[in-house]
Amino acid sequence: NEPGGAWCYTTDPEERWDYCQVKTCEKDADIENAGKPEPQTCWEGLQKDYRGEVAKTMSGYECMNWRQQSPHSHSRTEANYPDTGLGDSRTEANYPNSGLGDHNYCRNPDNDPGGAWCYTTDPEERWDYCQVKTCEKDADIENA
């Protein structure tokens with residue numbers, strides 16, 4: 001019940017204890033999702049771990065379901081790419097739509113250097129990259 005908030009002992013011999021910087025909630029607590037990590041909102045590099053729900057390409061094409069083979073037959077299937085994001089204790093039952101599967105979300109199962117992509121539903125356009133948000137570091141202009 002410290003009026004200043006959470007605190008802890010420090011390892012600094014000159015300062016026995018100090019207040020902690022604890023993130024405060026700006027909205028009502030989400031008890032149902034307590035303890036679960038917050039959803040990721042951006043992805044670095046190859047975006048091989050992207051698990052969002054973007055289902056349109058940069059050119060505006062609708063993505064094709066990964067389990068379908070029409071209008072474009074392909075080898076990027078769950079059987080051929082079993083480790084596209086479900087590793088460790090994650091299973092398709094617990095984390096649906098995480099890797100390749102019964103959905104049309106953009107993914108990067110083969111570590112394409114251009115990032116997340118998908119096959120399109122347009123018979124004339126086989127595949128295209130997706131516009132998945134990348135993480136950008138804040139520029140530290142004062143200390144540059």
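Bear in mind that the values here come from a model prediction, so they are computed numbers and not experimental data.
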*asked:* I want to check something: taking the side chain as every heavy atom from C-beta on, are L46 and D112 in contact at a cut-off of under 4.5 Å?
replied: no

*Side-chain contact test, heavy atoms from C-beta onward, threshold under 4.5 Å: evaluate it for R51 versus R107 and give yes or no.*
yes

*Give a yes/no on whether the SG-to-SG distance for C130 versus C63 is below 2.5 Å.*
no

_Proximity of W66 and W117 rings by center, below 6.0 Å_ = yes

*Any side-chain heavy atom of E125 sitting closer than 4.5 Å to one from T57?*
no

*Ignoring hydrogens and angles, tell me if any N or O in the side chain of S59 forms a donor-acceptor pair with the backbone of Y61 under 3.5 Å.*
no

*Donor-acceptor under 3.5 Å (Y50 side chain, E53 main chain)*: yes

*Which pair of heavy atoms, one from N108 and one from N111, lies closest together, and at what distance?*
OD1-N, 3.1 Å

*Working to the nearest 0.5 Å, report the span between NE2 of H72 and SG of C118.*
9.5 Å

*Any luck finding a side-chain donor-acceptor pair between Y9 and D18 under 3.5 Å?*
no

*Do Q131 and V54 come close enough that some side-chain heavy atom pair is under 4.5 Å?*
no

*Using atom types as modelled and distance alone, determine if a side-chain donor or acceptor of E62 lies under 3.5 Å from a backbone N or O of K56.*
no

*Determine whether D102 and N65 make a side-chain contact, defined as any pair of heavy atoms from C-beta on separated by less than 4.5 Å.*
yes

*State, yes or no, whether a side-chain contact exists between N104 and Q68 at a heavy-atom distance under 4.5 Å.*
no

*Side chain to side chain, R126 and T120, heavy atoms closer than 4.5 Å*: no

_Shortest non-hydrogen separation from P71 to D122 and the atoms involved_ = CG-C, 4.3 Å

*Spatial distance of atom CE (M64) from atom OG1 (T121) [nearest 0.5 Å]*: 9.0 Å

